[in-house]
Amino acid sequence: MFKSMMTRTLSVLSVCALIVACQKEEKSRINFPPTDLAKENFIPKPLKVIPTNQAFGLDRFTAIYTTPNVEGFSEVGQFLSDKIKAQLDLDVLVNSDSDEPVERIIYINQSDSLELDSPEGYQLYITQDSVILNSNTAEGAFRGIQTLRQAIPEESNDTLAEQRIWPIPTGKIIDNPNFGFRGSMLDVARHFFSVEDVKKYIDLLSYYKINVLHLHLSDDQGWRIEIKSWPKLTEIGGSTEVGGEAGGFYTQEDYKEIVAYAAKHYMTIIPEIDMPGHTNAASVSYPFLNGNGKTPKLYEGTRVGFSTFDTRKDTVYAFIDDVIREISAITPGPYFHIGGDESHVTKKKDFNYFVEKVEKIVQKHGKRMIGWDEIATANIDSTSISQYWSSGDNAQKAVKKGMQVILSPAKKTYLDMQYDSLSKHGLHWAAYIPVDSAYVWTPEEYEGIPMENILGVEAPLWSETISNIDELEYLAFPRVIGYSELSWSTKENRDWESFKVRLANQAPYLDRMDVKYYASPLIDWKKSRYTYEEINKD
Ligand code: TNX
């Protein structure tokens, strides 16, 4: 114990010595042109940005150090180093004791400072000689390095010294999220998306500090996760998708890979098995589940609301217990989503009875239940969570029960809504959602739901009209970037005119990541491979 404290103190001291040494080494100072940290295109906008108008030169004499012996910190340092390498082809060593000359350091520091009053809060102090990132937790450090990544210029300045230098503006950033839950949902049931596709979506979301990915794993058109005790769910139920293509599913190993990848990005995966409606694929696989008296067939259309489980059969609940048990065992996050939407052929009292029974099963397996807003009609616990998508009445019912609400109003947050009548993909039953309309609303004051009942904001991407990653990106980007700011930044810090400019400047990053975003004509894109006309020609 004493020894480890000593090592820690010593290494903090040696890092301090290094900073002082760097500061003394006047000759390594480079004459940067003045900068303005407040003009960086950060999304989401940090709580406070105080510029000091000089520059930290990121170059091959820069090294990363992290607080030793605190879980996760060196991995966050390595993550930053890997991203710098991928972007700039620059090697920045992490916690290295090599003799390579180091002139400037990035220090990722665990700090118990009371000012950092949330696990995701962080402070960045950028001076000419060092970048110090303070946070209580590795999660906060991870959010902080996304901000730092956004301050690294796309182009190096090659006129300042012999080596290539990427100047980062100096100053101080104090940041903390407005909502702890900032999510997106991906429907892998209507069309299946591969593990690689999901990982790319995670990469992009986490750059904008989104920390929840909800996977809609079952619907009428497909069952997408292996359940070892009920193998036909994927053998039969996973074999098709909308339009009649081959479908697909995640083995439990695939799912674990997604969960682990998300965890590395400090992102929680929420699995959803949609019940008692939206269950045609399950009932085709095991017909005893069916409650509407019809012999089901595989379904490749896009209608909703025609299927239901039999809510009065014990064997149905034994089946659900197995499904929730197997998925919960490989899901480290605290939530299990039971769907519950559009059960149009389930009688009201059967629906409520069903939700109440399934809530107990979810709790038995150690998870907190989430359901679409309809679940609030049942007699459920205040610990369960209602996801508002269409009914203000249901939201009020949830609030009366003391439940938390996730805000996903279809007419504001549905990523599958078309931008306008020219959009190549998407639906418009709830609204057309252009990029400004997606951003300009106030979750904190939505439909009179008290702030203390709002868990956060989630933008669902339903996949009836999209079948590959390019189409996914067309609908999600750039709107999901706006939802990241709506859920991270405070109301006072959000402003369409400012957001619009910062969004325009995301083009180089999105291009570098090969994101086929929709180049909305509302945005004066900084540089884009896709013009509005090109994207809209078919
Ligand atoms: C409604 S939103 C649905 C989904 C569809 C979506 C299409 C909700 C809980 N149910 O089944 O995919 O509309 O926009």
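Atoms within each ligand, like the ligands themselves, are counted from 1 in listed order. Side chains are part of it too, since the values below use all heavy atoms of this structure and drop only hydrogens, waters and symmetry mates.
- In terms of protein heavy-atom proximity, atom 5 (C) of ligand 1 is nearest to Glu464 OE2, 3.3 Å.
- Ranking the protein heavy atoms by distance from atom 8 (C) of ligand 1 puts Asp341 OD2, 3.3 Å first.
- Heavy atoms of Arg190 approach ligand 1 to within less than 4.0 angstrom.
- Close contacts between ligand 1 and Met417 involve ligand atoms 14 (O) [criterion: under 4.0 Å to a heavy atom].
- Side-chain atoms of Ser283 and Asn280 include no donor-acceptor pair closer than 3.5 Å.
- Near His278, meaning under 4.0 Å from one of its heavy atoms, ligand 1 places the atoms 11 (O).
- Here the straight-line distance linking atom NE2 of His425 with atom CD1 of Ile466 works out to 8.5 Å at 0.5 Å rounding.
- By the 4.5 Å heavy-atom criterion applied to side chains, Thr147 and Lys209 are counted as neighbours.
- Close placement of the Tyr250 and Phe192 rings is indicated, their centers lying within 6.0 Å of each other.
- Neither the backbone nor the side chain of Asp187 comes within contact range of ligand 1; no heavy atom lies under 4.0 Å.
- Nearest-residue assignment for atom 2 (S) of ligand 1 (options Trp429, Trp372, Tyr414; heavy-atom criterion): Tyr414.
- The distance criterion of under 3.5 Å between nitrogen or oxygen atoms is not met by Trp389 with respect to ligand 1.
- Regarding atom 1 (C) of ligand 1, its nearest protein heavy-atom neighbour is Glu342 OE2, 3.5 Å.
- Protein heavy atom at the shortest distance from atom 7 (C) of ligand 1 is Asp416 OD2, 3.2 Å.
- Using a distance-only test at 3.5 Å, with no hydrogens or angles considered, no donor-acceptor pair links the side chain of Arg325 to the main chain of His365.
- Near Leu427, meaning under 4.0 Å from any of its heavy atoms, are these atoms of ligand 1: 7 (C), 14 (O).
- Put simply, the side chain of Lys45 never gets that close to the backbone of Arg502: no donor and acceptor are under 3.5 Å apart.
- Within 6.0 Å of NZ in Lys360 there are more than 12 heavy atoms belonging to other residues, nucleotides or ligands.
- Heavy-atom contacts from other residues, nucleotides or ligands closer than 6.0 Å to NZ of Lys347 number 12 or fewer.
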